[in-house]
Amino acid sequence: MPNTPLEKQVPRRSFLDILLGVGVLGAAGSALFPVLRYLKPLPLEAAGGPVKLSDDDLATIESDHFVIVRVGPKRVIVFRDSTEEVHALAAKCTHEGCTVQFSFEETIVWCACHNGRFDIDGRVLSGPPPKPLAEYAVQTSDDGGIIVNMEIA
Amino acid sequence: MSSSTKSNSLLDWADQRYQIRGLIEFLKHKEVPIGGHSMVWYYLGGTTLFFFTIQILSGLLLLLYYQPGQDTSYETIRYITTKVPFGWLIRSVHVWSAHLMILSLVVHMFSTMLLKAYRPPREMTWVTGFLLFSISLGFGFSGYLLPWNELAYFATSVGTDSVKSVPVIGQWLLEVMRGGPDVTINTLYRFFALHIVVLPITIFAVIGMHLVMIQRQGMAPPRGHETSPRGMPFFPNFMLRDLLLWLMCLIGLMTLAVFLPYGPGLPGVEWELGLKANPLAPAYPGIKPEWYFLWIYQLLKEFPAHLFGVEGPEAALGLVSVIMGIWALIPWLDRKSRQGLPTPGFTDYGNASILFIGYLTLKAWDLGGGGGGDVLPDPAAVARTCAIIILGVAAVQIAIRVLVYHHWRFTTTGAVLLQIILHGFFGMSYLLAGAISFVLAMGVYIIRYRGRERVFEGAKS
């Protein structure tokens, strides 16, 4: 054993203290980790495939000009503008997460919570939202059916 | 005679086992300071505790019928209010008492702040009080979701969404709070556990600490009267007055709960059950959080999408955190009052914060903006109307402060009023007006601080 000066040697007592500290931290960590991991829920099973709007949804578009549907884990607002073109945007406002709506009269997408306004392609027109709404690809069939894809348009 | 011996023997029995006489002696000799300022402020902690007790009792009663769940939360609350005998009353008492508890707590907090009751040795009483305030806001926020109605759903969506602005762990925290990326029934389960188990256990512990500190140290005497010999015995004099006030609170609470079971009809202070939450329905105009969160809600609205490379909501919540942080640490920031010196700057800060929060709260109510239905209120008219009201309040406040309390420091109040005037009457944006006022106030502080240094140097030489 090399000759270490006495003052540089770790005294037995502080060595035991360090050992105790590491032991306590380790025990606390091994108890805490499963709890922290347990708190965070598993990601939702993302059904990423295209979603065909039901007859009820189509009827809602006829009456309200828009409908909000679930596509996998996301909520998507589907609406038909005055040129009969169908759009699909993320329905969750990028500001504080309220659900947006389509105003047919003003041809804008509007969030009632903090008065955020988007154009029909999801770009921010005014108000506090920091980001545009994601736009999704839409296919329309001749019989009036609407299919929303989860790919960003 | 026999009854007195009986009670004495009971006392002896308890005393032999638990040394209870010492406690009674302690309470008999404990005094509440009188003189210096109105004693009214000493009762507000007690009324808060009273309303909290009502919350526990009425909450336990609600638990007998309430069932959390996708198909039961809303339905059982509706069942309680429409079918269960006096169920409407129990719910009404729980809601009214919640609001009155927060109100009493807020007034208690501001009064202890303005009277500088946080001076040593009572710093930790202030800190535990601040914790109680935070936990109470947590109670309000978590309880709001439990009826699972539309209003609750959107208010919770917005409220929890702001958590994502927390640096580093924001996204993790958001998912842990919501039990998923969005507000769902899983969020309600978590909030339910929080509301009826986690928060009660926590608040009992902190209330215990808060009360032990107050009993050990006594009520804070007004500054300059620390050695005042005048006092009122805590037991029985002060306690009986406390009980009388509690009785009056109970009568007031029952009157409100019976005659206004769905709230006073003010926007933002209404608790009609409304429609069941539907994640696929759009938010509707007029969605607002509870009145004590309105100033934060309005601040979120005032911030633009981006500010100095930070997203608006993050900047707004950063500002709220700074304000709250300063508030929690006041006992250490107010250094001169630690030495028993007057600190008019902090008195002014407390008074000004009432005006600052008041203006934002009124604006959140869209006062004087017209609007209603699908018509949006006119923001400029709202800003002007609220500015007029707050200037009126400020005039009264300043008159009282000058004439009654002989205050002479109004820098922060001046800055807040300047911001309100620039924004309300000259159409300047809220943030720009605030920045100008802030810079001017800082300028005044720097000039005053330098002037003081010069005086010190002059005195030295």
Side-chain angles (χ1 to χ4, degrees), chain A residues 35-46 54 56-57 60 64-79 89-106 109-118 123-132, chain B residues 150 153-165 169 171-184 186-187 189-190 278-289 297-307 310-317 364 366 374 376-377 379:
Chain A
V35 175
L36 289 180
R37 198 54 208 84
Y38 180 87
L39 283 174
K40 188 179 171 203
L42 289 171
L44 296 173
E45 300 284 317
S54 69
D56 282 353
D57 294 334
T60 314
D64 301 348
H65 301 291
F66 73 93
V67 67
I68 295 163
V69 292
R70 228 174 240 298
V71 182
K74 298 248 193 295
R75 285 169 294 155
V76 175
I77 179 166
V78 183
F79 56 92
L89 302 174
K92 193 168 140 187
C93 182
T94 53
H95 180 227
E96 291 285 301
C98 279
T99 314
V100 298
Q101 55 190 289
F102 173 62
S103 163
F104 183 76
E105 291 76 22
E106 295 183 76
V109 175
W110 181 58
C111 179
C113 283
H114 301 96
N115 199 20
R117 299 154 90 88
F118 305 86
R123 286 182 291 256
V124 180
L125 291 174
S126 69
K131 292 189 201 92
Chain B
E150 261 195 326
Y153 175 80
F154 288 116
T156 308
S157 292
V158 175
T160 48
D161 203 71
S162 53
V163 172
K164 71 177 182 220
S165 313
I169 57 160
Q171 192 59 37
W172 181 85
L173 206 58
L174 179 77
E175 293 203 21
V176 166
M177 273 183 87
R178 286 183 174 173
D182 281 309
V183 174
T184 57
N186 291 331
T187 319
Y189 293 142
R190 288 178 184 223
N278 174 9
L280 296 181
Y284 54 87
I287 290 277
K288 285 183 178 51
Y297 158 90
Q298 185 62 29
L299 212 55
L300 276 170
K301 256 170 130 173
E302 300 289 356
F303 272 68
H306 295 278
L307 191 76
V310 186
E311 288 189 1
E314 289 177 18
L317 295 165
D366 290 326
D374 278 348
L376 285 175

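So that the names make sense, note that chain A is the first sequence line, chain B the second, and so on, each numbered from 1.
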Could you give me the CA-CA distance, side-chain angles and deciding distance for Asp57(A) and Thr60(A), then say whether side chain to side chain donor-acceptor pair (under 3.5 Å) is met?
CA-CA 5 Å; Asp57(A) 294 334; Thr60(A) 314; 5.0 Å; no
Could you walk me through whether Leu299(B) and Phe303(B) pass the side-chain contact (heavy atoms from CB on, under 4.5 Å) test, one step at a time?
CA-CA 6 Å; Leu299(B) 212 55; Phe303(B) 272 68; 4.0 Å; yes
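Between Val100(A) and Phe118(A), the closest side-chain pair of non-hydrogen atoms falls below 4.5 Å.
Proximity to chain A involves both the backbone and the side chain of Leu300(B), based on heavy atoms less than 4.5 angstrom apart. Using a 4.5 Å cut-off between heavy atoms, Tyr153(B) touches chain A through its side chain atoms alone. Interface remark: Pro128(A) contributes backbone and side-chain atoms alike to the contact with chain B (heavy atom separation under 4.5 Å). Neither the backbone nor the side chain of Leu42(A) comes within less than 4.5 Å of any heavy atom in chain B. At a 4.5 Å heavy-atom cutoff, the contact between Val69(A) and chain B is made by backbone atoms alone. Interface remark: Ala155(B) contributes no atoms to any contact with chain A (heavy atom separation under 4.5 Å).
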For residues 91-98 of chain A, run the donor-acceptor check on the side chains, cut-off 3.5 Å, and write out each pair with its distance to 0.1 Å, sequence neighbours left out.
| from | atom 1 | to | atom 2 | distance (Å) |
| --- | --- | --- | --- | --- |
| Lys92(A) | NZ | Asp182(B) | OD1 | 3.3 |
| Thr94(A) | OG1 | Lys131(A) | O | 2.6 |
| His95(A) | ND1 | His114(A) | ND1 | 3.4 |

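Among the candidates Val78(A), Ile77(A), Val67(A), Asp64(A), the single residue satisfying the side chain to side chain contact (heavy atoms under 4.5 Å, CB included) test with Phe102(A) is Ile77(A).
If you tally non-hydrogen atom pairs under 4.5 Å between each of Gly159(B), Pro279(B), Gly180(B) and chain A, the highest count goes to Pro279(B). The greatest number of non-hydrogen atom pairs below 4.5 Å with chain A, out of Pro181(B), Ser157(B), Ala283(B), is found for Ala283(B).
For NZ of Lys301(B), the number of neighbouring non-hydrogen atoms (other residues, nucleotides, ligands) closer than 6.0 Å is greater than 12.
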